[in-house]
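Report on the following structure.
Protein chains get the first letters and strands the later ones, always in sequence-line order, with residue 1 at the start of each. Everything quoted here is computed from the prediction, not taken from an experiment.
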2 protein chains.
Amino acid sequence: MSDRLRKYLTHFIELTDLEWQALEQQLTIKTINKKDFLVQKGQKTTQIGFLLSGSCRVFYEKDGEEWTTYFCFENSLVAAYLSCITGQPSTLSIQALEDCQLLLFDYQTLTALYQQFPVYETFGRKLAEYLFMGLDVRLAEQLILSPEERYLKFLGSPAKRKIIERIPQQYIASYLGITPVSLSRIRRRIIPV
Amino acid sequence: MSDRLRKYLTHFIELTDLEWQALEQQLTIKTINKKDFLVQKGQKTTQIGFLLSGSCRVFYEKDGEEWTTYFCFENSLVAAYLSCITGQPSTLSIQALEDCQLLLFDYQTLTALYQQFPVYETFGRKLAEYLFMGLDVRLAEQLILSPEERYLKFLGSPAKRKIIERIPQQYIASYLGITPVSLSRIRRRIIPV
DNA sequence: TTAATTCCTTATCTTTTGTTAAGGAGCTGA
DNA sequence: TCAGCTCCTTAACAAAAGATAAGGAATTAA
């Protein structure tokens with residue numbers, strides 16, 4: 001089970017058995033149901049999850065409206081990473097869109113490993129770089145593309161096809177930064193009949 | 001002169017003289033004039049600059065329109081960091097808004113230091129985390145705030161007052177993700193006479 | 001099976017933004 | 001000094017998005 005996390009980490013670093021076991025010992029497993037929250041706005045949460053199955057949405061809430069920053073699926077990490085770094089209460093929330101099974105470890109566990117094994121410091125750097133890259137691209141799209149162009153790009157991304165198949169359209173609208181009504185209009189415009 | 005960079009780095013890490021000198025040796029100094037480009041879209045640029053004086057804007061260009069992601073001032077780093085990480089040609093451009101004096105070093109220099117001194121690996125992690133934090137906040141604002149709210153928040157940020165004083169309003173509009181005309185209307189709306 | 005719920009679409013109206021063009025204030029350089 | 005340039009504002013119109021409400025299809029639960 002935890003092998004899947006170990007394999008995921010090889011995208012970033014190579015671990016000896018000893019190094020891996022140091023992390024593996026700290027893992028816990030958790031199941032959450034659809035609509036349950038992994039993180040709630042205002043909470044101090046430093047847990048980092050690895051999704052074995054299911055999916056989540058990460059979103060900001062303001063005035064009762066929810067704006068999605070990204071979606072997470074199986075075999076990827078999910079966390080309020082900003083909150084982990086700053087130690088401040090999270091400004092975002094994470095909710096299960098399907099029943100989820102997760103491996104969990106704490107950010108403190110990770111920082112402790114930074115001291116013990118240089119390879120984990122490298123992992124921390126590459127992870128932050130990876131998250132930075134994702135946000136950089138996301139922000140650029142939000143700035144230079146119109147809502148319609150953003151939706152077309154979303155459709156054109158193979159990695160996001162599965163999102164469309166598994167995620168209610170209202171959340172895709174919230175990801176694109178528009179209302180569900182507006183997305184519905186865009187769809188009619190670009191997919192005539 | 002380079003002392004100012006050393007002092008800046010103490011926000012992230014503490015360096016011994018030996019560690020600092022390893023980087024200091026690699027520094028070059030550069031002067032660029034207002035409107036000159038530090039990075040042009042499409043270029044492979046892995047230079048990292050530390051602004052001793054002046055200011056720059058970092059922006060994406062599409063269909064002749066330019067959208068600013070952030071502004072840089074003296075005593076801060078400026079780079080196409082995404083391009084550094086990926087090794088791909090830069091998708092963004094960096095232009096001087098005032099005459100600038102910079103200390104420059106290459107991203108390769110930094111990664112070489114990762115191998116030699118663990119403290120630089122830590123710096124690399126903290127730098128990536130810092131950049132991630134900036135983007136996370138920026139994206140959230142872009143998603144949950146209206147253009148008018150974004151401008152009000154911009155006005156309310158002490159760190160950004162100097163931007164307003166030194167930067168033409170059209171670039172602030174481009175940072176807010178709206179046209180200069182639209183910003184002008186917002187200003188009339190919120191600052192009645 | 002039926003009722004309730006969720007989710008998407010559509011319509012109408014309002015608000016906001018984009019587009020284009022014109023004009024004026026202020027700075028800059030010959 | 002004066003012409004040119006940059007930058008901001010304003011106006012008029014078009015395009016797009018938000019708000020609200022209604023209706024229907026599909027799924028879920030009793």
Side-chain angles (χ1 to χ4, degrees), chain A residues 33-36 55 57 59-68 71 95-99 141-155 162-193, chain B residues 33-37 55-57 59-68 71 95-99 141-155 162-193:
Chain A
N33 296 320
K34 182 174 175 174
K35 298 198 179 174
D36 284 352
S55 56
R57 68 186 175 111
F59 64 97
Y60 287 95
E61 184 271 331
K62 184 187 168 252
D63 301 336
E65 293 189 318
E66 298 176 345
W67 300 105
T68 302
F71 299 104
Q95 186 185 32
L97 290 171
E98 303 169 309
D99 294 344
E141 286 181 5
Q142 205 65 27
L143 281 176
I144 71 182
L145 300 181
S146 67
E148 182 169 325
E149 289 170 324
R150 292 203 289 275
Y151 182 62
L152 285 169
K153 180 149 191 181
F154 197 94
L155 285 180
K162 67 176 172 189
I163 298 181
I164 292 175
E165 286 152 22
R166 286 167 64 175
I167 306 281
Q169 191 171 298
Q170 59 182 309
Y171 298 130
I172 295 173
S174 127
Y175 177 90
L176 297 172
I178 56 178
T179 61
V181 174
S182 189
L183 177 55
S184 207
R185 277 190 294 232
I186 287 172
R187 283 165 54 82
R188 185 176 35 172
R189 227 157 47 210
I190 65 177
I191 316 169
V193 181
Chain B
N33 296 320
K34 183 174 174 173
K35 298 198 179 175
D36 283 352
F37 283 84
S55 57
C56 298
R57 68 186 175 111
F59 65 97
Y60 287 95
E61 184 271 332
K62 182 184 170 253
D63 301 335
E65 294 188 319
E66 298 176 344
W67 300 106
T68 302
F71 299 104
Q95 187 184 31
L97 290 170
E98 303 169 309
D99 294 345
E141 286 181 6
Q142 205 65 28
L143 280 176
I144 70 182
L145 300 181
S146 68
E148 181 169 326
E149 289 170 323
R150 292 202 290 274
Y151 182 62
L152 285 169
K153 181 149 191 179
F154 198 94
L155 285 179
K162 68 176 171 189
I163 297 181
I164 292 174
E165 286 153 22
R166 286 165 66 176
I167 305 280
Q169 190 171 297
Q170 59 182 308
Y171 297 131
I172 295 173
S174 126
Y175 177 89
L176 298 172
I178 56 178
T179 61
V181 174
S182 189
L183 178 55
S184 206
R185 278 189 296 231
I186 288 172
R187 283 164 54 82
R188 184 175 38 170
R189 223 154 54 207
I190 64 177
I191 318 168
V193 179

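Side chain of B/Pro168, nearest nucleotide from D/dC7, C/dT10, C/dA21: D/dC7. The nucleotide whose nearest atom lies closest to any side-chain atom of A/Val181 is, among C/dA11, D/dA12, C/dT16, C/dA11. The nucleotide whose nearest atom lies closest to any side-chain atom of A/Gln170 is, among C/dC7, D/dA19, D/dT6, C/dC7. Counting only heavy atoms from C-beta on, A/Ser184 has its side chain closest to C/dC8 among C/dT16, C/dC8, D/dC8. Residue A/Arg188 has its side chain nearest to C/dA11 when only D/dG18, C/dA11, C/dT9 are considered. Among the nucleotides D/dA17, C/dT17, C/dT9, the one closest to any side-chain atom of B/Ser182 is C/dT17.
Judged by distance alone, the side chain of A/Ser174 and the main-chain N or O of A/Thr68 form a donor-acceptor pair under 3.5 Å. Of the possible polar contacts, none joining the B/Gln142 side chain to the B/Leu145 backbone as a donor-acceptor pair under 3.5 Å is found. Counting only distance, with no hydrogens or angles, the side chain of A/Glu61 and the backbone of A/Gly64 share a donor-acceptor pair below 3.5 Å.
The interatomic distance linking A/Leu143 (CG) with C/dT17 (C1') rounds to 16 Å, in whole Å. To the nearest angstrom, P of C/dT6 lies 21 Å from CZ of A/Arg166. Atom CD in A/Glu148 sits roughly 16 Å away from atom C1' in C/dT17 (whole-Å rounding). The nearest whole Å value for the distance from the CD1 atom in A/Ile190 to the C1' atom in D/dA17 is 16 Å. Between the CD atom of A/Glu149 and the P atom of D/dA17 there is a distance of 11 Å, given to the nearest Å. One can place CG of A/Leu145 at 17 Å from C1' of D/dA17, the figure rounded to the nearest angstrom. With rounding to whole Å, A/Ile167 atom CD1 is found 15 Å from C/dT6 atom C1'. C/dT28 atom P lies 11 Å from atom NZ of B/Lys35, rounded to whole Å.
Within 4.0 Å (heavy atoms only), A/Thr179 reaches sugar-phosphate atoms of the nucleic acid but no base atom. Here A/Pro147 lies in heavy-atom contact (under 4.0 Å) with sugar-phosphate atoms only. At a threshold of 4.0 angstrom between heavy atoms, the contacts of A/Leu183 with the nucleic acid are absent.
Distances shown here put a side-chain N or O of A/Gln169 below 4.0 Å from the OP1 or OP2 atom of C/dT9. Regarding contacts with the backbone of D/dC8, every side-chain N or O of B/Arg187 stays at 4.0 angstrom or more from both OP1 and OP2.
Heavy atoms of other residues, nucleotides or ligands lying less than 6.0 angstrom from NZ of B/Lys153 number 12 at most.
Each of A/Arg166, A/Lys35, A/Lys34 was compared with A/Glu98 under the salt bridge (charged side-chain N to carboxylate O under 4.0 Å, His left out) criterion, and only A/Arg166 meets it.
Toward the 5' end of DNA chain D, the nearer of the two residues B/Lys34 and B/Arg185, judged by each one's closest nucleotide, is B/Lys34.
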Audit row: B/Phe154, B/Tyr175, ring-ring contact (aromatic ring centres under 6.0 Å, His included) steps and yes/no: CA-CA 10 Å; B/Phe154 198 94; B/Tyr175 177 89; 5.4 Å; yes
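The two residues B/Ser55 and B/Ile167 have their closest heavy-atom pair at OG-CD1, 4.4 Å.
Between the side chains of A/Tyr151 and A/Arg187, a donor-acceptor pair is found at a separation under 3.5 Å.
Each end of the helix from C/dT1-D/dA30 to C/dA30-D/dT1 gets its own rotation axis from five pairs of C1' atoms, and the angle between them is 40° to the nearest 10 degrees.
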